[in-house]
Amino acid sequence: METLIFEIQIHASPEKVWSILWDDISYRQWTTAFTEGSFYQGTFKEGSIVKFFDPQNNGMYSRVEKNIPNKEMKFLHLGEIYDGVEVPQDWGEATEAYILEENEEGTLLKSKINTSDEFKSFFEEKFPVALGIVKNLSENQL
């Protein structure tokens with residue numbers, strides 16, 4: 001397991017950035033960096049299961065480990081979904097966290113990913129693009 005950290009400074013409040021990250025419509029916009037047509041089902045309540053899908057009903061499911069509004073969201077990835085069917089995976093501590101730190105310029109958004117070598121290059125390629133979209137949406141939407 002390797003930890004990858006991605007950061008971007010956003011000239012918007014943590015509340016605005018949080019909204020862009022987790023509101024359904026804007027979530028669908030910034031996650032196009034990973035897969036066009038991505039969406040989620042479920043709630044972000046701590047302990048709950050959230051399912052992340054592509055348009056073909058494939059994706060993964062995760063448990064919300066932490067949800068501190070406007071500050072931090074952390075997921076533990078549990079398995080994959082194929083044609084809508086959950087398939088548990090032994091990924092260990094495969095986590096994905098979003099940490100928002102307010103500063104003089106707005107918000108520093110950090111994404112901290114614990115991943116296997118299998119997914120490392122994918123995340124290194126896609127995450128900077130995704131965070132760039134979050135920045136653009138946060139700074140340009142009223």
Side-chain angles (χ1 to χ4, degrees), residues 1-103 105-141:
M1 207 54 72
E2 185 168 348
T3 301
L4 305 175
I5 298 174
F6 304 95
E7 296 183 356
I8 194 164
Q9 179 62 47
I10 300 174
H11 301 288
S13 69
E15 293 80 10
K16 179 64 178 179
V17 175
W18 187 265
S19 173
I20 294 298
L21 285 170
W22 310 119
D23 287 355
D24 180 56
I25 291 171
S26 52
Y27 175 87
R28 291 172 185 254
Q29 292 172 314
W30 72 266
T31 57
T32 60
F34 302 109
T35 302
E36 189 76 35
S38 294
F39 66 100
Y40 66 83
Q41 290 180 345
T43 69
F44 293 118
K45 182 178 179 222
E46 281 187 16
S48 69
I49 300 296
V50 178
K51 297 177 182 181
F52 302 95
F53 291 104
D54 68 13
Q56 287 73 46
N57 243 10
N58 298 315
M60 67 180 172
Y61 63 101
S62 308
R63 183 173 56 240
V64 178
E65 296 284 288
K66 188 183 286 188
N67 181 343
I68 303 170
N70 306 314
K71 293 192 185 298
E72 184 174 359
M73 181 80 77
K74 182 178 181 182
F75 303 101
L76 174 64
H77 299 309
L78 302 173
E80 295 178 298
I81 302 171
Y82 299 104
D83 294 322
V85 177
E86 295 176 17
V87 180
Q89 299 292 322
D90 184 15
W91 288 330
E93 284 298 307
T95 58
E96 186 172 331
Y98 297 82
I99 301 152
L100 289 71
E101 296 177 0
E102 189 169 14
N103 59 35
E105 298 176 35
T107 305
L108 179 64
L109 173 58
K110 295 181 183 179
S111 293
K112 191 174 175 182
I113 316 296
N114 285 340
T115 185
S116 64
D117 283 343
E118 176 185 356
F119 298 109
K120 181 182 174 189
S121 63
F122 175 81
F123 286 135
E124 288 176 333
E125 177 187 343
K126 304 293 186 178
F127 246 93
V129 175
L131 295 185
I133 296 170
V134 171
K135 175 181 174 72
N136 186 45
L137 291 170
S138 298
E139 293 177 351
N140 295 308
Q141 282 190 4

Can H77 and T95 be said to form a side-chain contact (heavy atoms from CB on, under 4.5 Å), step by step? CA-CA 6 Å; H77 299 309; T95 58; over 6 Å; no

F53 and I81: side-chain contact (heavy atoms from CB on, under 4.5 Å), yes or no, with the steps? CA-CA 8 Å; F53 291 104; I81 302 171; 3.7 Å; yes

Any chance you could lay out the side-chain contact (heavy atoms from CB on, under 4.5 Å) test for I49 and L78, step after step, and finish with the verdict? CA-CA 9 Å; I49 300 296; L78 302 173; 3.7 Å; yes

Yes or no on side-chain contact (heavy atoms from CB on, under 4.5 Å) for L21 and W30, after CA distance, side-chain angles and deciding distance? CA-CA 8 Å; L21 285 170; W30 72 266; 3.7 Å; yes

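Every pair tested for salt bridge (Lys or Arg N to Asp or Glu O under 4.0 Å) that includes a residue from residues 90-100 fails, sequence neighbours excluded, so the list is empty. Sorted by first and then second residue, the salt bridge (Lys or Arg N to Asp or Glu O under 4.0 Å) pairs with a member in residues 129-141 read K135-E139; sequence neighbours excluded. Annotation: ring-ring contact (aromatic ring centres under 6.0 Å, His included) contacts involving residues 54-73, sequence neighbours excluded, are absent. Residue pairs meeting the salt bridge (Lys or Arg N to Asp or Glu O under 4.0 Å) criterion with at least one partner in residues 48-63, sequence neighbours excluded, are K51-E86, R63-E65.
With a 4.5 Å cut-off on side-chain heavy atoms, Y98 and F6 do not count as touching. Between L100 and K71 the shortest side-chain heavy-atom distance does not fall below 4.5 Å. In this structure, the side chains of T115 and W91 stay at 4.5 Å or more apart for every pair of heavy atoms.
Atom OG of S111 and atom CD1 of I8 lie 9.5 Å apart (nearest 0.5 Å). A distance of 5.0 Å separates CD1 in I20 from CG in L137, rounded to the nearest 0.5 Å.
The two residues Q56 and D83 have their closest heavy-atom pair at O-OD1, 4.2 Å. Nearest heavy atom pair, residue T107 against residue N103, reads N-OD1, 3.9 Å. Between A97 and E72, the closest heavy-atom pair is CB-OE2, 4.4 Å. Here the closest heavy-atom approach between residue V50 and residue F75 is recorded as CG2-CE2, 4.5 Å.
The side chain to side chain donor-acceptor pair (under 3.5 Å) check on D23 picks up S19, with sequence neighbours excluded. In terms of the side chain to side chain donor-acceptor pair (under 3.5 Å) criterion, N57 has no residue partners (sequence neighbours excluded). E102 pairs by the side chain to side chain contact (heavy atoms under 4.5 Å, CB included) definition with P14, not counting sequence neighbours. With sequence neighbours left out, N67 forms a side chain to side chain contact (heavy atoms under 4.5 Å, CB included) with W18, F44, E46, V64, P69, M73. Judged as a side chain to side chain donor-acceptor pair (under 3.5 Å), and not counting sequence neighbours, E7 has no contacts. Partners of Q89 under the side chain to side chain donor-acceptor pair (under 3.5 Å) rule, at least two apart in sequence or in another chain, are E80.
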Identify every side-chain donor-acceptor pair in residues 117-134 under 3.5 Å, counting partners at least two apart or on other chains, and give the distances.
from : atom 1 : to : atom 2 : distance (Å)
K120 : NZ     : E2 : OE1    : 3.4
K120 : NZ     : E2 : OE2    : 3.2

Exercise answer: donor-acceptor pairs, residues 34-43 side-chain atoms, under 3.5 Å, sequence neighbours excluded:
from : atom 1 : to  : atom 2 : distance (Å)
S38  : OG     : T35 : O      : 2.7
Y40  : OH     : W22 : O      : 2.7

